[in-house]
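In each ligand, atom 1 is the first atom listed, and ligand 1 is the first ligand listed.
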Amino acid sequence: MMITAKARAVDGPDQSFRSAEIKRRDLDTHDVLIEIKYAGICHSDIHTAHGEWGPVNYPLVPGHEIAGIVTEVGSEVSKYKVGDRVGVGCMVDSCGECENCRRGEEQYCLKGNIQTYGGVDKYGEPTQGGYSTHIVVTENFVIRIPDNIALEAAAPLLCAGITTYSPLQHWGAAPGKKVAIVGMGGLGHMAVKIAHAMGAEVTVLSQSLSKKEDGLQFGANHYYATSEAETFEKLAGSFDLIINTVSANIDINAYFGLLTLDGTLVNVGAPGEPLAVNVMSLIGHRRSFAGSMIGGIRETQEMMDFCAEHDITPQIEVISADQIDEAYKRVLASDVKYRFVIDTSTM
Ligand code: NAP
Ligand code: ZN
């Protein structure tokens, strides 16, 4: 007897979301059944649903910022029990055996991690994501949500939180370091809060100054508009680390000029089209251009606990399941403050 979940699915790149019923597998020995309460809307959901990252196996149920309650556990589950508050992020499994998995970097599994939606699970079934009422996940890919983080606020941490926490940690955001965040949307606003909590001096580089007050309130020390040419002159050579969260293809070379000697620009923004890189600007000051993908399971738990300890939560707008199409339009127009979260009780 498989589990039936209510969901919102999309049937093609130009289609609207519709109601759907999807099947979740019966619980295997190490599986937990989660009743999803909230699911965040990540720009990656939009890139995927619109087919910008390659062919999609429609119908697709996106959603990889999942928060809910455990309602059933498999016979050998040891980490969770019924009633626990838990989350699931961008991946639901990996090989567990390769060098990267053994290092706790399951997102870089050499056989490919199994993505929460748009993937194929180890039983050969397509995976479907969090815009739904229930999901079954193996316990090792489930994250515990601390009691002082509301479920709706926890959801965006599972992608936007970890995707910014991981490179900030890896490249050493800390007191004495100057960090710039490019783009203040879902990922960007989390990056500001987390980098601030890590003690770095934080600058936001946004298209305009319209969100400046919010940025300063999130913990930024400085806020500049990239639409003003003097921003690039004034800030030349200033940052040890730049995290680019922009979902679109921007002139990345202009930003290399803002790095110090040995500075690094990390792209987490993932536009479908290639970026044109002028290597001279990297060569000139031994600068690095890097990428980073979410974070491992251990690090995701670490990020969750860090946010609980530092009282860091996203600023969210809770919507009903009928508002997904409208929310997508608003995200595409950079009109999001700062993450849409679906209340799955409206499915
Ligand atoms: P989002 O909420 O839409 O934020 C993106 C921000 O980028 C916007 O709020 C806007 O900020 C800025 N922006 C958008 N279009 C722009 C343009 N044409 N020129 C300049 N700036 C522009 O998106 P998100 O959910 O944070 O995701 C951001 C990107 O990260 C997406 O590409 C997503 O797929 C990717 N992502 C990657 C990973 C990973 O593991 N690497 C994980 C999650 C998401 P301002 O208004 O402040 O300018
Ligand atoms: Zn995401």
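Put simply, CD1 on Ile145 and CG on Asp84 are 10.5 Å apart, with the number rounded to the nearest 0.5 Å. Between the NZ atom in Lys212 and the CD atom in Gln217 there is a gap of 14.5 Å [rounded to 0.5 Å].
Nearest protein heavy-atom contact of atom 37 (C) of ligand 1 is Val268 O, 2.8 Å. Among protein heavy atoms, atom 19 (N) of ligand 1 sits closest to Gln207 OE1, 3.6 Å. Among protein heavy atoms, the minimum distance from atom 41 (N) of ligand 1 is reached at Ser292 O, 2.9 Å. In terms of protein heavy-atom proximity, atom 3 (O) of ligand 1 is closest to His43 ND1, 2.7 Å. Among protein heavy atoms, atom 31 (C) of ligand 1 sits closest to His47 NE2, 3.4 Å. When only non-hydrogen protein atoms are considered, atom 47 (O) of ligand 1 lies nearest to Ser206 OG, 2.6 Å. Scanning the protein for heavy atoms near atom 2 (O) of ligand 1, the closest one is Gly186 N, 2.9 Å. Among all non-hydrogen protein atoms, the one lying nearest atom 43 (C) of ligand 1 is Cys159 SG, 3.3 Å.
Cluster membership for Met293 and Leu168, using ILVMFWY side-chain heavy atoms within less than 4.5 angstrom, is shared. Hydrophobic clustering places Val92 together with Ile297 (ILVMFWY residues linked when any side-chain heavy atoms are closer than 4.5 Å, directly or through intermediates).
In summary, the aromatic rings of His64 and Tyr117 are positioned with their centroids under 6.0 Å apart. Less than 6.0 angstrom separates the ring centroid of Phe218 from the ring centroid of Tyr338.
With atom 46 (O) of ligand 1 as the reference point, the heavy atom nearest to it among Lys211, Glu65, Arg339, Lys337 is part of Lys211. For atom 4 (O) of ligand 1, the candidate residues are Ser208, Gly269, Gly295, Gly185; the nearest heavy-atom contact is made by Gly185.
Taking a cut-off of under 4.0 Å to the non-hydrogen atoms of Ile294, the atoms of ligand 1 that pass are 39 (C), 40 (O). Less than 4.0 angstrom separates some heavy atom of Val331 from each of these atoms of ligand 1: 3 (O).
Ligand 1 has no nitrogen or oxygen under 3.5 angstrom from a nitrogen or oxygen of Cys42. Checked against a 3.5 angstrom limit, the closest N/O atoms of Gly188 and ligand 1 fall outside it. Residue Gly183 has no nitrogen or oxygen atom sitting less than 3.5 Å from a nitrogen or oxygen atom of ligand 1, judged on distance alone. Ligand 1 has no N or O atom lying under 3.5 Å from any N or O atom of Trp53, backbone or side chain.
A donor-acceptor contact closer than 3.5 angstrom is absent between the side chains of Glu201 and His196. Under the 3.5 Å distance criterion, with hydrogens and angles disregarded, no donor-acceptor pair is assigned to the side chains of Arg287 and Thr260. For the 3.5 Å distance criterion, the side chains of Gln301 and Glu299 fail to qualify, holding no donor opposite an acceptor.
Hydrophobic cluster of Leu110: no remaining members, since no ILVMFWY side chain lies below 4.5 Å from it.
Taking a cutoff of 4.0 Å between a charged side-chain nitrogen and a carboxylate oxygen, Lys37 and Glu35 qualify as a salt bridge. Under 4.0 Å is where a charged nitrogen must lie from a carboxylate oxygen, and between Asp322 and Arg8 at least one such pair does.
Atoms of the protein (N, O or S only) found under 2.8 Å from the Zn ion (ligand 2) are Cys42 SG, His64 NE2, Cys159 SG.
For Ser247, heavy-atom contacts with ligand 1 shorter than 4.0 Å involve the backbone as well as the side chain. In Met184, the parts holding a heavy atom less than 4.0 Å from any atom of ligand 1 are both the side chain and the backbone. Proximity of Thr245 to ligand 1, defined as any heavy-atom pair under 4.0 Å, is confined to the backbone N, CA, C and O atoms. Counting heavy atoms closer than 4.0 Å to ligand 1, residue Ile250 contributes side-chain atoms (C-beta onward) but none from N, CA, C or O.
Among all heavy-atom pairs drawn from Gly296 and Glu105, the shortest one is N-OE1, 4.4 Å.
No donor-acceptor distance shorter than 3.5 angstrom exists from the side chain of Ser132 to the backbone of Lys6, with no hydrogens or angles considered. With hydrogens and angles ignored, the 3.5 Å screen pairs no side-chain donor or acceptor of Thr29 with any backbone N or O of Ser75.
Using cut-offs of 30° and 60° on the angle between ring planes, the pair Tyr131 and Phe17 is tilted.
By the 4.0 Å heavy-atom criterion, Tyr223 is excluded from the residues contacting ligand 1.
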